[in-house]
Amino acid sequence: MGTFAYFPHTEEDIRAMLDRIGVASLDGLYSDVPDDFLYKRDYDLPSAMSEQQVRDFFESLGQKNTRLKVLVGQGAYDHYVPAVIPYITSRSEFLTSYTPYQSEISQGTLRYIFEWQSMICRLTGMDVSNASMYDGPTAAAEALRMMVACGRRRNKVIVSSFLLPCVLKVVRTYMKYAGIELVVTDDVLSELGPDVAGVLVPQICKYGYVQDLTGFADKIHHCGALFAVYCDPSTLAVLESPAELGADIAVGDGQSLGIPLNYGGPYVGFLSCREALMRKLPGRIVGQTLDADGRRCFVLTLQAREQHIRREKATSNICSNESLMALWCTVYLSLMGPEGLRRVNELSSEGAHYLHDALLATGKFEDTHPGKVFINEFTLRPLRDAAALQQAFLDGGFFAGLQVDSGELAFCVTEKYGKDDLDALVKIVEDLA
Amino acid sequence: MKYYDKLIFELSRPGRSGYSLPASFAPGKGISLPENLRRKSSLDLPQVSEVDVVRHYTNLSQMNFGVDTGFYPLGSCTMKYNPKINEEIASHPLFSGLHPLQPEETVRGAREVIDGLDKALAAITGFRHFTFLPCAGAHGELTGLMIMREYHMARGDSARTKVIVPDSAHGTNPASAHVCGLEIVEVKSRPDGLVDVEDLKPLLGPDIAGIMMTNPNTLGLFEKDIKEIASLVHGCGGLLYYDGANMNPLLGKVRPGDMGFDILHLNLHKTFSTPHGGGGPGSGPVGVAESVLPYLHIPVTSGFHGNFAVMMRAYAYILMLGKENIRMAGPLAVLGANYIKESLKDVYKLPIGSVCKHEFVFDGLLNDGARDDVPGATTLDVAKRLLDYGFHAPTIYFPLLFHQALMIEPTETESKETLDAFIAVMRTIASEAAEDPQLLRSAPHNTPIRRPDETTAARNPIVKA
């Protein structure tokens with residue numbers, strides 16, 4: 001013993017501790033386990049590696065990935081990540097703490113969650129946000145459950161088929177087991193009725209186009225249902241906020257606010273709502289109060305909604321969330337401010353429209369959504385073999401033109417990619433026979 | 001730790017900014033939104049410089065206590081040391097830059113990480129394969145129960161709508177079952193803290209989908225009757241679900257798959273050393289035995305591949321330990337817990353005295369200092385006083401079986417010196433309680449803030465700035 005870096009015990013320590021306990025050996029600590037359950041061999045695992053060997057191992061695995069310029073969105077966006085963010089989020093006081101149960105020594109976590117909640121409310125126009133959900137898709141599913149919980153025996157939800165596939169598949173899963181009737185349709189308003197608890201629609205559709213949701217809120221509320229909007233928080237710097245759309249709930253994924261692609265995770269979901277729904281909101285919520293000396297401080301609040309108090313009657317089963325990823329977004333939004341976030345949209349939009357027009361000009365695509373409004377993501381119908389195009393993009397160092405359900409190819413441009421990148425992509429199309 | 005009172009919004013000055021972005025290259029093609037799609041309200045985000053941001057969050061961090069700050073014996077949370085090589089690996093640009101929808105041939109390294117971790121976890125648990133979609137333990141429970149329902153539905157066994165949960169279970173167990181559309185049936189614990197097999201028997205029938213168990217349970221006790229329980233539940237056609245929150249003491253010693261469990265989740269942020277991040281991100285992969293394998297990938301419970309960067313850390317941890325060191329992880333965790341228990345049981349109430357696994361539960365102070373005119377010190381007061389002495393508090397008021405529960409889990413990464421220091425402080429606090437309980441009732445005294453007014457926070461919620 002004493003030879004492995006993470007275990008500080010010396011032989012003498014172990015002996016002294018066993019003596020205090022009154023057992024003869026470490027095996028004696030398992031005397032309550034029936035002998036036939038004791039695993040007496042080594043696991044079928046490799047031998048211990050040195051730290052350098054582990055580093056080299058992952059380096060060699062990393063070399064098996066292809067580093068590409070990412071011009072696809074579909075729920076994960078390759079925005080630039082400012083250097084400050086990982087620097088702050090890797091501070092071990094943030095990184096190695098857990099849920100802020102002991103508020104007196106967790107004010108750092110509690111304050112940034114309060115700031116995150118405030119920023120989400122400012123982006124969406126909602127009154128209250130929770131401390132985070134796992135990702136946008138699970139936040140959407142929880143929003144639907146929440147609307148049913150508010151719905152006084154209404155057990156049906158209507159969901160737009162224009163939601164991203166990554167959202168729709170999770171929503172379908174949650175609704176199936178929860179026993180909630182799910183209608184997925186192109187035209188949500190035509191399905192409204194007295195049994196509908198809520199409606200979920202995306203502000204930006206799966207093809208990248210901004211939806212005109214004028215009048216949705218009135219029609220949905222008129223039938224007594226709640227209205228939830230799935231949005232990309234980055235684009236809310238320029239797009240109408242869910243509150244302005246008359247929504248009761250705003251959900252989405254915070255990945256576009258400074259979180260790396262990470263091959264799909266960790267990201268962070270947000271779930272925000274109007275004040276009237278606050279006590280049905282799942283997950284943790286941080287609130288402001290005063291301490292015994294009258295100083296401003298922050299605590300986990302409204303915990304009577306949560307699983308550790310209410311068990312099966314809780315609003316959700318969520319316990320651990322994505323707190324550190326909420327910090328990523330909070331630091332990002334602090335750095336960007338209103339103008340920086342607007343610039344990100346402006347630059348992304350410039351790049352996306354530049355690429356859109358240049359691809360059309362090659363004569364090898366057809367615009368199947370003419371006149372539709374988009375920010376950073378669009379789809380075009382290829383007039384040639386899509387697979388050959390996609391392979392040519394990969395060969396040229398791009399992940400671009402992901403095929404969507406309509407057979408079209410989806411492109412997404414962020415502020416990370418400039419004219420040279422986009423011209424190179426267009427040249428690949430031009431050069432293809 | 002020192003008190004710092006600002007919110008980032010309060011540092012804001014119009015015209016200041018902390019961003020650096022490239023110049024425009026196609027100015028004519030910028031955003032031109034029609035009136036009906038355009039944001040009308042102003043967006044009141046902070047306007048601060050980069051140095052403002054760095055100082056603000058550095059100040060916030062200094063009001064926080066983490067595993068790297070000191071001993072964090074939070075029961076059922078396995079706050080072990082988080083190795084730093086894991087952080088370096090998880091942020092490697094050849095992985096962190098991968099888009100989740102990239103074609104298979106461009107992400108071979110990432111797939112090898114997932115496959116390698118799958119194989120390693122299978123070896124450690126005795127299960128066949130894992131799904132890595134769940135992002136946390138409760139998310140794993142939900143996914144696992146969905147798999148359980150698929151198993152029954154595939155057999156045309158649609159009447160199995162109930163799941164049995166012990167009264168000592170984590171609160172997430174019944175909550176997850178409810179979200180999964182299952183009814184909860186509670187089975188009682190015996191006075192010795194183990195599941196009451198006699199109470200279980202009449203609950204079993206054709207409506208039971210399965211039982212959720214934690215072994216060792218939340219009292220840190222090994223469920224010795226697990227073989228009989230498994231045979232009873234399987235006998236009625238149900239499945240056994242293993243809540244892996246308490247897997248740590250079994251590392252190197254016992255595989256859940258060998259105890260008759262059919263489905264389990266692991267908490268990579270507990271057993272496999274990934275940092276808890278102030279509440280997440282975690283990762284809650286779900287494993288299945290052979291009979292349940294066909295249903296493993298049916299429930300799609302997160303958008304892409306789960307929390308991949310967390311999986312990277314866990315895999316690095318397993319490779320560092322290797323088969324030689326992982327054998328010791330469980331026993332050393334158990335050693336620490338029993339050492340603390342035996343060193344404090346003369347001053348704290350130990351309701352169940354048998355050998356514990358990774359954690360154990362005290363039921364408050366033996367002498368709380370209460371007199372006719374002076375109320376005694378509670379478990380909450382002990383927890384708050386610990387903060388004054390530079391320790392994180394144990395889990396308190398859980399499990400619900402005892403009114404003054406103090407649930408202590410030290411983990412294998414703490415030295416004897418650290419445990420001795422904790423024991424000494426716990427003894428000091430017990431003496432303080434006996435002499436002057438008010439000192440505890442008004443604690444903490446040395447932290448950035450004193451006790452917060454939680455009642456007002458809940459009655460008049462202020463949840464945004």
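Here is the naming used below: chain letters follow the sequence lines, and residue numbers restart at 1 for every chain. Every heavy atom of this structure was used, including side-chain atoms; hydrogens, water molecules and symmetry mates were not. Source: prediction; values computed, not measured.
For B:Phe25 and A:Tyr354, the gap between ring centers is short of 6.0 Å. The aromatic ring centroids of A:His308 and B:Phe398 lie 6.0 Å or more from each other.
Judged purely by distance below 3.5 Å, without hydrogens or angles, the side chains of B:Ser41 and A:Glu244 pair a donor atom with an acceptor atom. B:Thr172 and A:Gln307 form no side-chain donor-acceptor contact under 3.5 Å, judged by distance and modelled atom types alone. There is no side-chain donor-acceptor pair under 3.5 Å between A:Gln74 and B:His99. For the residue pair B:Tyr57 and A:Ser334, a side-chain donor N or O sits within less than 3.5 Å of a side-chain acceptor on the partner. Side-chain atoms of A:Gln102 and B:Lys384 include a donor-acceptor pair closer than 3.5 Å. Judged purely by distance below 3.5 Å, without hydrogens or angles, the side chains of A:Glu115 and B:His56 pair a donor atom with an acceptor atom. No side-chain N or O of A:Thr289 forms a donor-acceptor pair with one of B:Glu454 less than 3.5 Å apart.
Residue B:Ile449 touches chain A through both its backbone and its side chain, counting heavy-atom pairs closer than 4.5 Å. Using a 4.5 Å cut-off between heavy atoms, B:Arg149 contacts chain A through its side chain alone, with no backbone atom that close. At a 4.5 Å heavy-atom cutoff, the contact between A:Leu290 and chain B is made by backbone atoms alone. Residue A:Val72 touches chain B through both its backbone and its side chain, counting heavy-atom pairs closer than 4.5 Å. Contact annotation for A:Tyr267: both backbone and side-chain heavy atoms come within less than 4.5 Å of a heavy atom of chain B. The contact between B:Asp258 and chain A is made by backbone and side chain atoms together, counting heavy-atom distances below 4.5 Å. Looking at B:Lys80, there are no atoms closer than 4.5 Å to chain A (heavy atoms on both sides), in backbone or side chain. Contacts of A:Ser320 with chain B are made by both backbone and side-chain atoms, with heavy-atom separations under 4.5 Å. Using a 4.5 Å cut-off between heavy atoms, A:Ser106 contacts chain B through both its backbone and its side chain. Only the side chain of A:Val373 comes within contact range of chain B, judged by heavy atoms closer than 4.5 Å. Contacts between A:Arg145 and chain B at a heavy-atom distance below 4.5 Å involve the side chain alone, from C-beta outward. Looking at B:Tyr339, both its backbone and its side chain come within 4.5 Å of chain A, counting heavy atoms on both sides.
Panel note: side chain A:Asn317, backbone B:Ala138; a donor-acceptor pair is recorded below 3.5 Å. Of the possible donor and acceptor atoms, one in the side chain of A:Arg296 sits under 3.5 Å from a partner among the backbone N and O of B:Asp5. Between the side chain of A:Thr96 and the main chain of B:Asp68, a donor-acceptor pair closer than 3.5 Å is present. Side-chain atoms of B:Asp453 never come within 3.5 Å of backbone atoms of A:Asp291 as a donor-acceptor pair (strictly under, hydrogens ignored).
The pair A:Asp32-B:Lys224 does not count as a salt bridge, with every side-chain nitrogen at least 4.0 angstrom from each carboxylate oxygen. Taking the charged nitrogens against the carboxylate oxygens, B:Arg327 and A:Asp42 do have a contact shorter than 4.0 Å, which makes a salt bridge. Taking 4.0 Å as the cut-off between side-chain N and carboxylate O, A:Glu104 and B:Arg451 do not count as a salt-bridged pair. The existence of a salt bridge linking A:Glu240 and B:Lys40 is confirmed by a sub-4.0 Å separation between a basic side-chain nitrogen and an acidic carboxylate oxygen.
With a 4.5 Å cut-off on side-chain heavy atoms, A:Glu59 and B:His92 count as touching. With contacts defined as side-chain heavy-atom distances shorter than 4.5 Å, the pair A:Arg91/B:Gln62 qualifies.
Taken from SG in B:Cys135 to CD1 in A:Ile318, the straight-line distance is 9.0 Å, to the nearest 0.5 Å.
Residues passing the salt bridge (charged side-chain N to carboxylate O under 4.0 Å, His left out) test with A:Arg55, sequence neighbours excluded: B:Glu88.
Ring orientation note: the planes of A:Tyr134 and B:His139 are close to parallel, at an angle under 30° on the 30°/60° scale.
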